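Input: a single structure, listed below in structure tokens.
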Number of protein chains: 2
Amino acid sequence: MLKRRLQAFTRLSEDDRASIDHLSGKCVREWGAKRDLIHEGDRPRSVFVMLEGWACRYKQLPDGRRQIVAFFIPGDLCDMEIYILKAMDHSVGTLTNVRAAEISHHDFDQLMLDHPRITQALHWDMLVTVAVQREWTLNIGQRTAYERLAHLFCELFMRLRTVGLANGDTRDFPINQTDLGDATGLTTVHVNRMLQDLRRDGLIELHNRQLRLPNLHSLMDAAMFTPNYLHLDHEGRSIDANS
Amino acid sequence: MLKRRLQAFTRLSEDDRASIDHLSGKCVREWGAKRDLIHEGDRPRSVFVMLEGWACRYKQLPDGRRQIVAFFIPGDLCDMEIYILKAMDHSVGTLTNVRAAEISHHDFDQLMLDHPRITQALHWDMLVTVAVQREWTLNIGQRTAYERLAHLFCELFMRLRTVGLANGDTRDFPINQTDLGDATGLTTVHVNRMLQDLRRDGLIELHNRQLRLPNLHSLMDAAMFTPNYLHLDHEGRSIDANS
DNA sequence: CGGGTAATTGACCCGGGTCAACAGCAGTGG
DNA sequence: CCACTGCTGTTGACCCGGGTCAATTACCCG
């Protein structure tokens with residue numbers, strides 16, 4: 001999956017891909033839902049490559065208010081960068097059961113030294129991560145509740161496709177309404193109501209942890225979504241319309 | 001200023017500092033207030049080092065709603081990273097008159113090649129930028145209007161200090177209420193009212209583009225501000241209480 | 001069948017938005 | 001020196017998107 005994700009940016013050699021596979025299989029661990037992989041204040045340790053399940057970065061205020069600031073889906077890297085820093089400024093927690101590969105800093109550094117194209121792809125990955133964070137700031141700061149949710153669905157829909165977790169116009173989407181609320185700065189109750197509106201308008205279908213977007217174009221319009229900030233317009237990109 | 005900022009992270013050699021000074025003086029340009037240095041959709045060009053004045057990154061929705069996603073103050077770098085990407089996903093505009101040094105990618109790459117400590121410091125800078133972006137997401141997503149503004153003041157207050165733009169407990173603060181609103185996801189009217197509340201509570205004094213924080217500790221409490229996400233706890237950090 | 005999590009609903013409320021007018025003040029030109 | 005313009009800050013009246021609280025329903029899953 002990581003392979004797949006990086007190849008959205010650049011072509012990797014056989015050798016590059018083999019190295020990624022090797023590291024991704026070296027130390028695989030599992031977590032249940034709602035566990036912390038690492039907590040704010042901890043010293044950053046290893047790098048994780050998400051293999052299965054969903055996780056998130058989140059921050060919390062002293063009184064308990066919680067903001068999810070990013071979602072991790074399979075193929076995503078957690079915190080590769082952070083290891084220069086002394087302490088985590090946020091937590092990473094699972095949302096579902098998660099399988100992930102833990103990679104030591106040493107192995108990770110070595111990977112980058114040996115594979116310049118991977119290094120470049122990782123740099124791209126970091127830039128995209130920041131771009132997404134900026135888009136979230138816009139999303140929460142300016143869009144209405146209805147638009148925010150629509151936008152989030154568009155984004156995740158596209159991201160899931162680029163790592164191959166696509167099935168026509170539907171995707172596994174194992175996120176509950178509380179987490180959607182924490183990600184969009186809304187309450188569960190209001191998320192529920194807006195989902196109903198989105199359903200009524202024929203823009204989403206969401207049952208049994210399955211998300212179907214029957215009319216992606218209209219949804220994008222409603223969300224004022226443009227995929228430019230995901231920066232998928234690169235040589236290695238596999239352009240396959242809807243799979 | 002850039003020097004100063006990077007030295008918050010690591011000690012630079014005489015030579016490092018000289019090179020930064022050299023590049024920062026090489027091609028200095030000026031802009032009036034409310035001009036765009038670069039606009040969403042443009043191909044990223046050079047790197048800018050802010051020398052004087054304030055600028056911001058912002059994004060806009062098709063209907064005109066505008067979100068400032070970051071402030072640039074002297075010493076900040078704009079878009080050093082972006083040049084791998086094909087098109088800007090946001091704009092950079094001035095808020096006041098601005099003087100900045102424009103550095104070509106070539107010169108910039110060369111600087112990094114020749115000065116590993118600078119490279120590392122720039123990497124740190126990028127990580128801090130993302131961390132700030134995450135904090136903004138939390139700020140807008142979870143804090144109330146009053147808290148949001150309080151938090152913004154704390155953050156900028158500290159950042160201004162680390163680049164030496166400090167004068168006891170007061171700082172130049174040339175930002176109008178509209179921009180404060182665009183940065184916090186609030187309307188001008190409401191910003192105005194919350195500023196009045198903050199003044200009434202003795203937490204801020206803001207006249208004539210001068211910000212004084214007579215009781216920083218209480219303001220931080222009110223904002224639930226912790227400076228951890230600025231990651232200033234490094235070897236090179238100049239620990240000077242309040243200057 | 002029981003217990004736990006997630007989704008849904010209704011009644012009510014409030015933080016913050018909207019709209020529109022007005023005041024203060026610096027700059028500019030006559 | 002003054003009228004004019006434009007920007008920024010301020011105020012008041014009113015409204016609405018979204019929050020709060022609390023109860024209820026639908027699902028799992030063992």
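A quick note: this is a predicted structure, and the numbers were derived from the prediction, not measured. Letters A, B, ... are given to chains in the order of the sequence lines, protein chains preceding strands, and every chain is numbered from 1.
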Under 4.0 Å between any heavy atoms, over every strand shown, what does [X] touch: base, sugar-phosphate, or nothing? Just pick one.
X        : result
A:Thr188 : nothing
B:Leu195 : nothing
A:Gly181 : nothing

> Taking the nucleotide of DNA chain D with the closest heavy atom to each, which residue, B:Arg193 or B:Ile175, is nearer the 5' end?
Replying inline: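 The residue mapped nearer the 5' terminus is B:Ile175.
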> Which sits closer to the 5' end of DNA chain D, A:His190 or B:Asn176, going by the nucleotide each is nearest to?
Replying inline: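 Comparing both residues, the 5'-ward one is B:Asn176.
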> Checking B:Arg148 side chain against B:Trp136 main chain: does a donor-acceptor pair fall under 3.5 Å?
Replying inline: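 No.
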> When you list every nucleotide of DNA chain C with an atom under 4.0 Å from a heavy atom of chain B, which one comes first 5' to 3', and which comes last?
Replying inline: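 That gives a stretch of C:dG16 to C:dC19.
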>> Would A:Arg134 and A:Tyr229 count as a cation-pi pair here, with the cationic atom under 6.0 angstrom from the ring centre and within 45° of the axis?
In response: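 Ring-cation test returns no.
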>> Taking the six-membered ring of B:Tyr58 as reference, does the cationic atom of B:Arg66 (NZ for Lys, CZ for Arg) lie under 6.0 Å from its centre and within 45° of its axis?
In response: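 Flagged: B:Arg66 positioned over aromatic ring of B:Tyr58.
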>> Let me test you: for the helix from C:dC1-D:dG30 to C:dG30-D:dC1, what is the angle between the axes at its two ends (five pairs each), rounded to 10 degrees?
In response: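 What I find for the helix from C:dC1-D:dG30 to C:dG30-D:dC1 is an axis angle of 40°.
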>> Would you say the rings of A:Phe157 and A:Phe173 are close, in the sense that their centroids are separated by under 6.0 Å?
In response: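 Aromatic pair excluded; centres sit 6.0 Å or further apart.
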>> Can a side-chain donor-acceptor contact be found between A:Asn97 and A:Glu52 if the only test is distance below 3.5 angstrom?
In response: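 No pair is found: no donor N or O on one side chain lies under 3.5 Å from an acceptor on the other.
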> What is the distance from atom CG of B:Asn208 to atom CG of B:Asp172, rounded to the nearest 0.5 Å?
Replying inline: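 Nearest 0.5 Å value for the CG-CG distance: 11.0 Å.
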